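Encoded as structure tokens, the structure appears first; notes follow it.
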Amino acid sequence: MEQGFPYEEFRRGQRESLARVERNLGKVIALKAPTGFGKTVVAILSHSKADRVLYAVRTRNEMSPVIKELVRVSYPFTIVFSGRRMCPLIKGRSVPPEDFWINCRVLRSRGVCPYFQNLPRVSSKEVMGVMESPPPDPHAIASNIASKLQVCPFFALTQLVRRAKFVVVTYPYLFRDDIFRIAFPDLGLDEFYVVVDEAHTLLNPQSLYEEEVSERVINEALKEVRAFNVGEEVWSYLKGLREVIARVRSRMLTRVDKSRVYPGEGTLYLIEDAILDVRLKKLREFLNNPGGFTSITTRLSKIAKFLTLVREDWFRVYGVVSEDGFRELKVLPISYEPLTQRLSQTKGVLLMSGTLPPKDIVKVVVGRDPYYIDVEGDYGPVFPRHNRFYVVHAGLTSSYRYRGERTFLGYAELITKIYEGLKEGVVLATYPSYPFMERVLDNVTDIENQVVEGRGTTLRDVVKASKEADKLVVHAVAGGKLAEGIELLRDGVSAIKVVAVLGVPYPQPDDYVRDLREELRRYLTRSLADELVMDVPASIRTLQALGRAIRSGRDRAFMVLADRRFLTPRLRRILNLRYEAVARSTEEVVKLMKAFFEGFL
């Protein structure tokens, strides 16, 4: 194994973890190790004797470090993500995901896609050569295959599957069978060992299985039904669905009676027939005008996709008003069963994360007793312990029971004083929700440089702001794109010097949370069900935020857990952090922060 290790030396626990994973392939293995440990290379080398591995990551961007390591160790691989996003013909065109493949099939069958027609002229070696060339970025790889080789990136990459030892995919290609079969029509999941990166995500089943329809989609579908005259029964069903969604009033997920949404198998078949009718009529338009292929779409496809989940036993329907003010119906899982069934089909599973919960909780999620490796618990800190300092601010809480104007003033004062007391660097402040953040920021007036997360905020915006200011506060919502995805560096060292978790980021107490908890209580103890639904998500969001600051042994950071509930036994067990201090006031927190950075703590 060591001969294939691509670095000069192992980090603490890395050699041992690699060997333990390799010895236990075929089981459900859980590997908990901090960011910067080198989990990716451990996962790759430990599967050196496996015949075929499906390596699943949450997002396309998270493919890059996996590609980089696979190139480094010279293992044959390919990548698979959205065919719609890879397609060089529809860039800049509006084709919904559920209608992309019908457009693709039409173009291929009519011989008007030159990229597909060129596939036989390009060898696998040429495609692999593009993948192994820098940069190790999935978007660049797909673009270069199309521009340099003049072939379809999706089919060029999927044709490598049988030659590849590793197939790097985004989550839907693992957890959604319909999507899996698009990329792997001749393979079963039982032919793969599976690696799941950022596996703490699995604790949140709605992040894997969710479909939605909006009021706008329903109205557009009604117009299509009338325009193409595809049947009164479908028209009547859609009118009834519009009446259901019109009653949605809350910005919190509110339960909707499933019987009012699901029309039964007969009507669903009629909707599927109507989709074929609309597509055939639009296909005739395409045949008269080949350049208009993107018109082979129908909103009925979105509704049918939604209903295929609604009819499943483990799913329920909820209404919500979005942040933009649009009414939506969402279908969400109220059990881990879809996930458990999916993983049970594999040859073996490796779950990896820096924030995996304890073994007993992982067991509930995956349905089997995992072989659990806690790197720092088993081998000691990967990075120097004195590089970080954890303090609980016991004088504050975001609890609904005590929430009032003094709450928001208290948090505003804390973040302002931290900013004023810090000499340089970035403060990452995370909040339980957008409304909570807004109420706190209403009372913040003395922070000169700050970025507030919004719908349009990008990681690039934050990186730019951090380079332009000596001191900066980034306000983000726990569990969001900034709190879980941001990495800011200055001269190779983390620029994030303080992480302030402003309140325990529990999920909103909506109908979905209540239904999931009630379902889990059917086969778990009340206490464990409550932990899974409330304490585990809050802990993972907290740990993900804290993990933004320490990325290597050179980083130092001061961590503030600003809520006295972080002292409760349940949260302490799941967080598994050693608190250096408990402060009773903001002044005490700032005093500790200054002492830490001056080297006195």
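All figures in this text were calculated on a predicted structure; none of them were measured in a lab. Quick note: residue numbers are just sequence positions, from 1.
- Note that CG of Leu351 and CG of Leu356 are 6.5 Å apart. Values are rounded to the nearest 0.5 Å.
- Under the 6.0 Å cut-off for aromatic ring centres, Phe192 and Phe184 qualify, their centroids lying closer than that.
- Between Tyr390 and Leu546, the closest side-chain pair of non-hydrogen atoms falls below 4.5 Å.
- Note: Thr308 OG1 to Glu272 CD = 8.5 Å, rounded to the nearest 0.5 Å.
- Between Leu54 and the options Val168, Leu174, Val196, Val195, a side chain to side chain contact (heavy atoms under 4.5 Å, CB included) holds for only Leu174.
- Using a cut-off of 4.0 Å between Lys/Arg side-chain N and Asp/Glu carboxylate O, Glu484 and Arg58 are scored as salt-bridged.
- With salt bridges taken as basic N to acidic carboxylate O contacts below 4.0 Å, one links Arg514 and Asp511.
- With Glu519 as reference, Arg522 is the one residue of Arg521, Arg522, Arg517 to meet the salt bridge (Lys or Arg N to Asp or Glu O under 4.0 Å) rule.
- Residues Tyr336 and Pro205 form a side-chain contact, since some pair of their non-hydrogen atoms from C-beta on lies under 4.5 Å apart.
- Between the side chain of Asp257 and the main chain of Ser259, a donor-acceptor pair closer than 3.5 Å is present.
- Cation-pi geometry between Lys359 and Tyr372 is not met: the NZ or CZ atom fails to fall both under 6.0 Å from the ring centre and inside 45° of the normal.
- A salt bridge does not link Lys39 with Asp197: every distance from a Lys NZ or Arg NE/NH1/NH2 to an Asp or Glu carboxylate oxygen is 4.0 Å or more.
- A donor-acceptor distance shorter than 3.5 angstrom exists from the side chain of Thr568 to the backbone of Arg565, with no hydrogens or angles considered.
- Panel note: side chain Tyr171, backbone Ala56; no donor-acceptor pair is recorded below 3.5 Å.
- Between Asp51 and Lys347, at least one side-chain N (NZ, or NE/NH1/NH2) sits under 4.0 Å from a carboxylate O, which counts as a salt bridge.
- Proximity of a side-chain donor or acceptor of Glu191 to a complementary backbone N or O of Gly188 within less than 3.5 Å is detected.
- Here the side chains of Glu531 and Arg573 are in contact, with some heavy-atom distance below 4.5 Å.
- For the pair Arg342 and Phe180, the cation sits on the ring face: its NZ or CZ lies under 6.0 Å from the ring centre, inside 45° of the axis.
- Applying the side-chain hydrogen bond (donor to acceptor under 3.5 Å, both in side chains) test between Thr355 and each of Glu198, Gln544, Lys32 identifies Gln544 as the sole match.
- Here the side chains of Pro338 and Phe315 are in contact, with some heavy-atom distance below 4.5 Å.
- At a threshold of 4.5 Å between non-hydrogen side-chain atoms, the residues Pro505 and Thr542 count as touching.
- Judged purely by atom type and a 3.5 angstrom limit, Arg327 uses its side chain to pair as donor or acceptor with the backbone of Val248.
- Using the six-membered ring where Trp is involved, Phe166 and Tyr55 have ring planes that are tilted, between 30° and 60° apart.
- With values rounded to the nearest 0.5 angstrom, Tyr379 atom OH is found 12.0 Å from Arg12 atom CZ.
- Salt bridge Lys481/Glu453: absent, no basic N to carboxylate O contact under 4.0 Å.
- The line from CG of Leu253 to CG of Leu329 is 11.0 Å long, rounded to the nearest 0.5 Å.
- In this structure, Ser214 contributes its side chain and Glu212 its backbone to no donor-acceptor pair below 3.5 Å.
- A side-chain donor-acceptor contact under 3.5 Å links Arg548 to the backbone of Ile486.
- Rounding to the nearest 0.5 angstrom, the gap separating the CG atom in Leu268 from the CG atom in Asp273 is 10.0 Å.
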